[in-house]
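Right, one structure below, let's go through it.
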Amino acid sequence: MPESTADVEASRHAWFAVRRHLVEHRYRLGLDASDEFPAAHHVAGTPLLAPGTWLPTTPIPLTSITLEFDPDATFTGVTGREPAARVQLPLRHDGTHYGSYADTIADLAPPAVFEDRPTYRLIAADLTGPKPFLRLGRGTYFDSINTGEASAHEFTAQRLNPNAPTPLRSSIGAPWNPANRPTNIAISTLTIRRDVDSGESTFYLHWRDPAKVGHAGGLYQVVPSGIFQPSAAAPWNEQDDFSLWHNLTRELAEELAAHTEDYGSATAPIPYANWPFATHLTDALQAGTARAHCVGLGVDPLTFATDLLTVLSLDSTIFDTLFPDLPTTNPEGRLLTPQPFTPEVINTFTHQNPTQPAGAALLQLAWSHGLH
């Protein structure tokens, strides 16, 4: 137990110093973290990491990936609430350590968007076999904060003080093994507008405001990108929303069409078949004016955030119908102006500008696969 209030304040001061360094230098720290993993696990020459079974040799139609749901699956790996992990956390006023990294963030440094919603937790994945699949169970958003963001904090602390221990990061080991830590996945989508007259393509990026988000603040990311999760906690959403296409549709509507995130699904399931935005997009997919592919699955070397890498190419006719007035800001940051889908621009955001590893890998893979 601490002997005085000074001990509490000192622990918090130390925690804030590391947290501030993490927020301000996240991109550089991510590059440093990637150097600790073998080059064979790097995706398309970027910091993103993946085992071989997560990287198909050719793009997979998104709707052909089989989803398997195991609601009773238990988790026995590292949760970030172990005694060794708590030692790295600051002290509460009663002299005890916070119970988790999410508890600490929520109390001491809450971003504008920070809610422990239910998610689909990755159990297993193989995107290279004859029948690509993802197997998932139940999870929550804070699961990944307590292990991934906490591990990023540990890594940062060690960069500031080489003698600082990393018990959580060390106990997790290979971050691409979902048995080692609770693994939420985000569906990160490179959205491309293809002009049907000129044949030229543009793509869209989002800058994540550190004041508004708990993860990847200050970095560029493809748009849309969102955790694979039910739209609300009501039990009927667990099955109704268990669809990569439905999740992508909702994120597109929210981030590029400025639709609300409240679908009324706390009282009734989302009627996807009767939602005009969803039906227009699905009709375009069936007609070939929209094309959706998966090019892999990868994990961030710093935060262990795990992203399903998808590419959505839309002919200008359907794009302009769905998104007549693109927003410039949203609750998590701001939308950049359309970027030319060219090797020069891709290289800028892959190797020069601070782009999330998943976004950088997506740009490289989309170009190499000719998805534009």
Side-chain angles (χ1 to χ4, degrees), residues 2 7 10-42 46-51 75-92 96-109 122 139 141-184 210 214-219 298-307 354 356-358:
D7 295 318
S11 76
R12 294 185 177 200
H13 178 79
W15 184 87
F16 271 116
V18 175
R19 179 70 186 174
R20 185 162 48 250
H21 192 83
L22 170 58
V23 171
E24 293 175 355
H25 302 279
R26 191 179 289 270
Y27 180 66
R28 180 67 254 175
L29 289 163
L31 296 179
D32 291 345
S34 71
D35 290 339
E36 298 199 342
F37 295 92
H41 282 294
H42 288 213
T46 71
L48 195 72
L49 307 172
F75 178 75
T76 58
V78 178
T79 66
R81 291 184 173 274
E82 293 77 13
R86 289 200 299 270
V87 170
Q88 307 302 313
L89 301 175
L91 299 173
R92 297 183 185 272
T96 62
H97 287 280
Y98 280 89
S100 71
Y101 201 81
D103 291 345
T104 311
I105 290 287
D107 195 32
L108 300 182
L122 183 67
Y141 176 64
F142 283 1
D143 288 343
S144 56
I145 298 294
N146 292 336
T147 52
E149 194 71 8
S151 292
H153 190 104
E154 282 190 352
F155 183 86
T156 305
Q158 193 177 67
R159 280 295 182 272
L160 295 173
N161 175 11
N163 294 321
T166 58
L168 179 61
R169 196 173 182 91
S170 299
S171 63
I172 288 173
W176 49 80
N177 185 345
N180 292 357
R181 63 183 178 90
T183 304
N184 292 323
H215 166 69
L219 304 184
V299 60
D300 187 291
L302 179 65
T303 67
F304 302 158
T306 305
D307 292 69
Q356 277 185 244

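Residues: numbered from 1 along the sequence shown. Values reported hereafter were calculated over all heavy atoms of this structure, with side chains retained and with hydrogens, waters and symmetry mates removed. Keep in mind that what you see is a predicted model, and the values were worked out from it rather than measured.
Residues Ala33 and Pro301 approach most closely at CB-O, 3.6 Å, considering heavy atoms. Minimum heavy-atom separation, Pro178 to Phe75: O-CE1, 3.6 Å. For the pair Asn146 and Thr79, the tightest heavy-atom approach, listed with the atom from each and the gap, is CB-O, 3.5 Å. Taking every heavy atom of both residues into account, Gly80 and Leu168 meet most closely at CA-CD1, 3.9 Å. When every heavy atom of Pro47 is checked against every heavy atom of Leu31, the shortest pair comes out as CG-CD2, 3.6 Å. Closest non-hydrogen pair, Leu89 versus His97, comes out as O-ND1, 2.7 Å.
The residues Arg181 and Glu149 are annotated as not salt-bridged, no charged nitrogen and carboxylate oxygen being separated by less than 4.0 angstrom. Between Arg86 and Asp103, none of the side-chain N atoms (NZ, or NE/NH1/NH2) sits under 4.0 Å from a carboxylate O, so this pair counts as no salt bridge.
Remark: side-chain polar atoms of His42 are paired, donor with acceptor, to backbone N or O of Ser34 under 3.5 angstrom. Formation of a donor-acceptor pair under 3.5 Å by the Arg169 side chain with backbone atoms of Ala150 is not found in this model. Side-chain atoms of His41 come within 3.5 Å of backbone atoms of Ala50 as a donor-acceptor pair (strictly under, hydrogens ignored). Under a 3.5 Å cut-off, the side chain of Ser170 and the backbone N or O of Pro167 do not form any donor-acceptor pair. Side-chain atoms of Gln88 never come within 3.5 Å of backbone atoms of Glu154 as a donor-acceptor pair (strictly under, hydrogens ignored).
Put simply, the side chain of Thr156 does not reach to within 4.5 Å of the side chain of His25, judged on heavy atoms. Residues Leu108 and Tyr98 are in side-chain contact: their nearest non-hydrogen atoms beyond the backbone lie under 4.5 Å apart. By the 4.5 Å heavy-atom criterion applied to side chains, Leu22 and Leu302 are counted as neighbours. When side chains are defined from C-beta on, Tyr27 counts as touching Leu219, because their heavy atoms get closer than 4.5 Å.
In this structure, OG1 on Thr46 lies 8.0 Å from CG on Leu49, to the nearest 0.5 angstrom. The structure places CZ of Arg81 at 9.5 Å from CZ of Phe142, a figure rounded to the nearest 0.5 Å. Here CG of Asp307 is found 7.0 Å from CG of Leu48. Values are rounded to the nearest 0.5 Å. Distance check: Asp300 CG to Thr306 OG1 gives 8.5 Å after rounding to the nearest 0.5 Å. The distance from atom CZ of Phe16 to atom OG1 of Thr104, rounded to the nearest 0.5 Å, is 9.5 Å. Asn184 CG to Leu122 CG: the interatomic distance, rounded to the nearest 0.5 Å, is 9.5 Å.
Trp15 and His153 have parallel rings, their planes meeting at less than 30° on a 0 to 90° scale where 60° marks the start of perpendicular.
Partners of Phe304 under the ring pair (Phe, Tyr, Trp, His ring centres under 6.0 Å) rule, at least two apart in sequence or in another chain, do not exist in this structure.
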